[in-house]
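Values reported hereafter were calculated over all heavy atoms of this structure, with side chains retained and with hydrogens, waters and symmetry mates removed. Values in this document were obtained by computation on a predicted structure and should not be read as measured data. Proteins come first, then strands; the chains are lettered A, B, ... in the order of their sequence lines, and each starts at number 1.
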Amino acid sequence: MTAAASTQTASAPRPRFSINPVTAGKRAIRPILSVAAALAVFAALALAQNAPLSGIIEAFTIGLNNPNFWQQTVVRAVPLMIAAVGVAIPARAGLVNVGAEGQLIAGSVAAAGVGLLVGSAFPGPLSWLVCAVAGMLAGGVVAGFCAYLRVRVNAPEAVTTLLMNFILLDVMLFLLYQPWKDPNGSGQPQTRPLDPAAMLPMLPGTRISIAILVALAVCGFAWWLATRTDWGFRITVAGGNPEAAVRSGISITKTSVQAMALGGGLAGLGGALNLIGLEGQLRPDILTSFGFIAFLAAFVARSNILGSLVAAFCFAALMVASNPLQLRAGLDGSAVYVLLGLACLALTALASTLRTTR
Amino acid sequence: MIEILLAGAIATGTAILLPALGELLTQRAGITNLGTEGAMLAGALTGVIMGISTGSPWLGIGAGILAGAAVAALFAWAVVFRGTNQLATGLIVWFLLFGLTSMFGREYNGQVLPPIGKLAIPGLSDLPFVGSILFHQSPIVYLGFALIAGVWWLLTRSRVGLLIRATGERPLVVAAAGNRPRLIQFLTTTLGGGLSGLGGSYLSVGVVGNWSNNMTNGYGFIAVTVVIFAAWRTNWATVGSYLFGAAITFASQLQARGFAVNQYLLDALPYLLTLVVLVVISSQRKAAPEALNAALAAR
Amino acid sequence: MNAAVLLEVHGLSKSFGPVHANDNVSFSIRAGEVHALLGENGAGKSTLVKQLYGVYQPDSGEITLAGSPTRIDSPATARAQGIGLVFQDMRLIPALTVWENIALNLPSTKRQKPTDIKAMIVEASAKWGLPVEPNALVADLSVGEWQRIELLKVLLAGANVLILDEPTSVLTPSEVGALFAVLTDLRAAGVGIVIITHKLREVREIADRVTVLRGGKTIVSDVPADTLTDPELIEAMVGRSVPALESSRTQFPPSLPAIELAAASLTRRDGTSALRSVSFRVHPGEILGIAGVAGNGQEELVDVLTGVRAAEDGDVMLNDHVVPGGQPGGFKARGVISVVPDPVRQFVVPGMSIAQHAALWEVAHGEHTSYATKAAARRFTERAAAVGLPVAPSHRVLEELSGGNIQRVLLTLAFSTPGSVLVVSYPTRGLDVATTRDTRQRLLEARERGLAIVLVSEDLDELLEVSDRIAVLNEGSITGILDRSDADRAALGDLMTRLVEAA
Amino acid sequence: DDGNASDGSTPNGADDITVGVVMVGSVKDAGYNEAVAVAAEELDKVDGVTVLTADQIPENNSVTDTMQSMVDQGAEVIFATSYGYMSYAADFAKANPEVTVLHQGGLWEEEFPENFGTYWSYPYELFGLGGIAAGDATESNKLGFIYAFPISQTIGNVNAFHLGAQKTNPDVETYLINTSDWCDPVKQQDAVSALVSQGVDVLSQHQDCQSTVIQSAVQAGAKVVGYHHDASDIAGEAWLTGSSWNWAPVFEDIVTTVQAGEFAGSQYNDNWLGSLADNNSTMTLAEFGPSVSDETKAKIEDGLQGLKDGTESVFAGPIYCQDGSVLVAEGHSATYADVNGFNCLVEGIVGSLPSN
Ligand SMILES: Nc1ncnc2c1ncn2[C@@H]1O[C@H](COP(=O)(O)OP(=O)(O)OP(=O)(O)O)[C@@H](O)[C@H]1O
Ligand SMILES: Nc1ncnc2c1ncn2[C@@H]1O[C@H](COP(=O)(O)OP(=O)(O)OP(=O)(O)O)[C@@H](O)[C@H]1O
Ligand SMILES: [Mg+2]
Ligand SMILES: [Mg+2]
């Protein structure tokens, strides 16, 4: 139809193609130059803030041989990676999940609720399992509900999931300031801490919990599911052309709700793992803008699942690098968002040779 | 009491109305700009910087409009001419401006300039009831009234508006008719950004008279929400903006009178209402501009 | 026939990457003529006229207007110079009113008040016999009305060169008649008209001169239509002559109907009635044609027959068993094969290869259980060989092929799938003459294999050529079912306009 | 600073030391965070002390990253200056025994590792004094208080403010508005106009940023009692008085203690609480505004003196909750810990807390 593709480049998941090193090299040039351009603009802005160039360079290089930096990045990457995959999967089914933020919140809230309810009654692993499952269910139900509204009344899920972010945040704040407030927390908005046994153990010798292993396993499973199975094929067909899918006996209701619920479930799991692997206590700020960053990660990766993982990891590194940027270059604490914005803009608007067609 | 409530709803609602009108134009051209929040922040900060450095709040407002337009132009460039995803680009622009305004607004935190204040319209402000509600307001509130009419006229009565609406439906047809839909989208989005910038500078220069970090606090997202709530109509966008303004004001007014309110429910109200409206209108045949739906459905 | 030359094209070439869509094309348009532009799918007709309208820029070659060379860099320029184009896919905005759609196309310099524009429309519509209601919402109108609006758009913009890209492919016979009446008037008024069509009947009816493109080259240029015979024209288009259909028309022994529709009714979303108590039976080895003007319930009828939607009242029976609707999968499993009316919308999955579409098809029809693509690719090659329609290689991304090539992939899959019922909609719409002939041949062969076939078409020639019986659908009702022997254009045309009470 | 001194030691013999200061908001918020930033700047001026600051660090595990980055850059002492940092700070201290970690909040209830401490003062003391000015200044007998969230500190401040006002004006009522945001100028402005339209003519607040509240009050002709930061310059005529943080002396003392190797077991290896009575409060009374009468000033000075010499307490019983129940019994004075447990508003306050 006429209007469909006017302002959007179709980035439907393409079938696998073989990689030719020469063209692949050529393809890589533009993104690299684009990111370089973004860095240059950022440096110019930073210099305008009287940040020393040496400090900026130091901030970027310091992490590379600092094991702490990498540990922090891995820790931060856990929720971002899972949530990014949680955006990429529905995208393959043709659904825009702008609600990872809310689904992460839902997952954290559910995991906290269940975790506190269980207390120390369950042995660790069982408690981990119920928390993770609760988080997954919560995120999945919220997202699945939006997908259901989409297929039943055609309410655009891009908008409903976005709205859900704000609604769920308010729900969490309500819980934290009122019914779930820690009675021993000096009136501060936080739940009681989880039982230590309910927290995931650390990988030996690190401050990284085994959440990262769960995350990698789950993302790997999701990748396999989406790209290697008949379910994944059906999702892709439904995402590419719902009419054609229906006529091929594929139920759009099923694919939409399943893909979205899986995506939301992943994001919810991310929230749960962040809680039981790291935070240990629900607080208003424990997820601030993680979901939006995950959305961007999936987006710059064009909903490619492995790409989303890589992008999410890079963004995690970037967020962690905000510290050296402040401490060594004296930049504002929010400067990292400038860098994130510029990099994403470069990667999406400059890096691709795709343009809209009339 | 009711006059005070309604006057407050209009004063506060104007901070939502201005970006909502901008977003309405933008969406009627087939573009969803989630970067509205960013454009508002830019307008708010630039307004304060300009206002403080020139001593003129009105120059601040002007600069705020330009800053909002510039931000929207950046967004529109990426979306329209580089074909990037609208939702993602909107979020990117929001992040970018959140960071930039924090960086460059740092030294302006806590600096104040006299806000523009209220201007009673002689004659009209003495009218019973409506006088105190409508005509004892900031000049920018009156500008908001004019803009409601202006946007309505532009969209429904002018040739330019016809082009905007047509572009929001089927850009290819507009191109086939020899017009440049992408240019139309770019310019409309930029214009909408100007209104968001106006909204931001209304907050900083018009109402409170200072800059503080992230001071728009999600009003840009509420503005986007209002447009959907309004089913893309100017009149309902007006109602929605003032209604959501009322939700904010009433929270204060009711508390000031000793009534207990559930702050979190009130905060969530705009979003909940919009969700309900969306569910109701989406099942109807023609809810959103066609190109907008296509864009939202695309990955 | 020596009227003034309005527009002339010399040596025009245009490539899209490796494809030479136009290669050294020359032709001319005179005042007061209807000039038919003919050619197979992909011959380059649309590309040519889009260059005349400033949508594309030629790579080389020259366009002269009234004798002087000109550059048409945009549709606006084209319109300013008096050239108007009605696109193959109509370009109207459903959400706007008729007059707003027309106003969009008026030169922006002419700043008129809405009331003036409406008055102008009313006047022009009376003058050219193109009745429209300026304040109506385009979304509420029929295809025929859309076409009238398109014509008014172009005429009101002041065109003296009028180009119509396949205007008749979506029209009913009576609408075609009305269109041609308008064109005849315009011709008399000195307008130069270019009409693109695949139907020789129409060439004969209206064209003064013809130009034939093949593979982007002009094979026949500016030749008076009556100097060429039908076989000569066809040979110019396809490069060889097209043999007539072969049919043995076996009589099948009486049997249970393979598919039966019993008093099926369906309401559209907007509350109007799409199907009103439609009943018919189709036996194995029989082709039932469904004639009618598009929008009279055909889409819904096909959806009900193929299980995409459930009838609100009435049943679909396959081999005498009621099958619940709303489950296309269940219908396919029972041997119902469907050639959808609008493949781009209903069949093509963006980004997927032909082989992936084949895999999707096979699983949907229960031929295989997994979407493994490699094996499907191999099997598709075999299918293509068996069916014999020319198709692109199976690794090609289907979305990127032309409409005709997409249709051939769909037909190849449909004709090579075992089943008992074939529901085919507009199988040859937009296909060139040779492929059209082959497709109809395959339909007859499927009938010989004992399939029960429902053929929905707007092309009466096609229906008359292959059907055993023809049912006419009007406003959701079957107004009559004629045996092939009783059916002719006049009888069918009569049923198409009749209401069910009278039938 | 002379952090680069070549011999690595300062004239007084202590080793050079790097200190990290982590803040939750912007260093320039004209409020809570700016007060910290000012102290960090003061500390940086001390010979041999280098200060690293990081602002806008959210109250989640990011703060651990930030502290780690500071340590990577040589920090030996870290001030984590937001309430929500507490458990991260304590955990970080446990994981990094060589680093001394301080939390600004004074609410740690578990055992203290040797390298961890908290510090805070009684802010409500100054609110009690500000209330005196407010009670005297109001003509309508209606005061307003704008707060962000119902946390215990806020409840203490509101109650102290109201009780202070009652001391000089028994008829006074205090109207409460909750904005559910630490810094939302729109809501702040709305809250001020709502209160003023209700007849309130003196305002105070517990928000992170205060410019908007003050400017709006000025516009509406109301008077203000400030918090966090002396904003008399913005408020002009409207300024009554207020309180501002003065963290520098504590910061410097803590750093000196660490440099001397005497942190473990010191007063700072605990919940350190400054108070007027101990003459070590980290809060100071701001300037008086032009409209404050000498009589009122004298009352406040008296009150201050009373608090300093321990003859007076902000929360001296009997104090009753809105529902008439006893909050502080006759003859008792609420301790700091008691105040942190307050979960009701005192009689005369109009408005309610979100219920638990
Ligand atoms: N010069 C113009 N060219 C194209 N469109 C125009 C022009 N002027 C106004 N419009 C369009 O006019 C429309 C508004 O028409 P309006 O309802 O005012 O006409 P009207 O004559 O009052 O209609 P009605 O006869 O239905 O009362 C809008 O769609 C606007 O975009
Ligand atoms: N925008 C384009 N990009 C690439 N190739 C194109 C484009 N437009 C047309 N082509 C190719 O140019 C050739 C001529 O196409 P054109 O649309 O002119 O054919 P046509 O004669 O109008 O065919 P049909 O009868 O199917 O409409 C075809 O091979 C087509 O695939
Ligand atoms: Mg064509
Ligand atoms: Mg064709």
Side-chain angles (χ1 to χ4, degrees), chain A residues 1-6 8-18 20 88 91-95 151-154 224-256 259 302-304 353-354 356-358, chain C residues 50 55-56 75 87 89-95 269 302-303 306-309 326-333 336 338-357 359-366 368-373 376 395-399 410 423:
Chain A
M1 295 257 64
T2 46
S6 63
Q8 299 295 312
T9 31
S11 57
R14 302 276 156 179
R16 267 160 285 130
F17 46 82
S18 57
N20 172 336
R92 299 176 74 90
L95 296 165
V151 290
R152 283 327 287 257
V153 301
N154 201 28
W224 172 80
L225 203 59
T227 64
R228 290 289 179 276
T229 65
D230 283 354
W231 184 81
F233 189 90
R234 278 197 293 277
I235 293 291
T236 313
V237 172
N241 183 346
E243 275 250 28
V246 168
R247 282 160 206 274
S248 302
I250 296 172
S251 156
I252 295 297
T253 310
K254 265 192 209 157
T255 57
S256 298
R302 294 178 172 270
S303 305
N304 176 299
T353 47
L354 287 174
T356 48
T357 46
R358 281 238 161 145
Chain C
K50 280 180 185 167
V55 177
Y56 297 146
F87 287 87
D89 46 338
M90 277 181 278
R91 307 236 164 143
L92 293 176
I93 298 175
R269 253 218 175 135
V302 167
D303 283 353
T306 55
V308 174
R309 279 201 255 173
Q327 302 169 2
F331 276 60
K332 288 198 163 68
V336 177
S338 164
V339 172
V340 289
D342 184 349
V344 171
R345 199 159 58 79
Q346 298 164 333
F347 175 63
V348 177
V349 183
M352 285 198 167
S353 67
I354 294 178
Q356 284 174 307
H357 282 84
L360 183 62
W361 177 280
E362 290 175 343
V363 172
H365 289 83
H368 288 275
T369 51
S370 151
Y371 296 107
T373 309
H395 68 268
R396 287 288 304 274
V397 173
L398 190 60
E399 176 196 18
L410 176 55
V423 180

Exercise. For residues C:P328 and A:V246, report the shortest heavy-atom separation together with the two atoms involved.
Key: CG-O, 2.9 Å

Quiz item: Checking C:V340 against chain A: side chain, backbone, both or neither under 4.5 Å from a heavy atom?
Solution: side chain

Exercise. Taking all heavy atoms of C:T369 and all of A:D230, pick out the closest pair and write down the distance.
Key: O-OD2, 3.3 Å

Quiz item: For C:F347, is it the side chain, the backbone, both, or neither that has a heavy atom closer than 4.5 Å to a heavy atom of chain A?
Solution: backbone

Exercise. Taking the side chain as every heavy atom from C-beta outward, state whether A:T236 and C:M352 have any pair of such atoms under 4.5 Å apart.
Key: yes

Quiz item: So what's closer than 4.5 Å to chain A heavy atoms on C:D303: side chain, backbone, both or neither?
Solution: side chain

Exercise. Please report the closest heavy-atom contact between C:Q356 and A:F233, naming both atoms and the distance.
Key: O-CZ, 3.5 Å

Quiz item: Which atom names give the shortest non-hydrogen contact between C:A364 and A:S248, and what distance separates them?
Solution: CB-O, 3.4 Å

Self-check item: Part of C:S338 lying under 4.5 Å from any heavy atom of chain A
Solution: neither

Exercise. Write down the atom of C:P350, the atom of A:G240, and the distance for their closest heavy-atom approach.
Key: CD-O, 3.0 Å

Quiz item: Any idea which heavy atoms bring C:R345 and A:N241 closest together, and the distance?
Solution: O-ND2, 2.9 Å

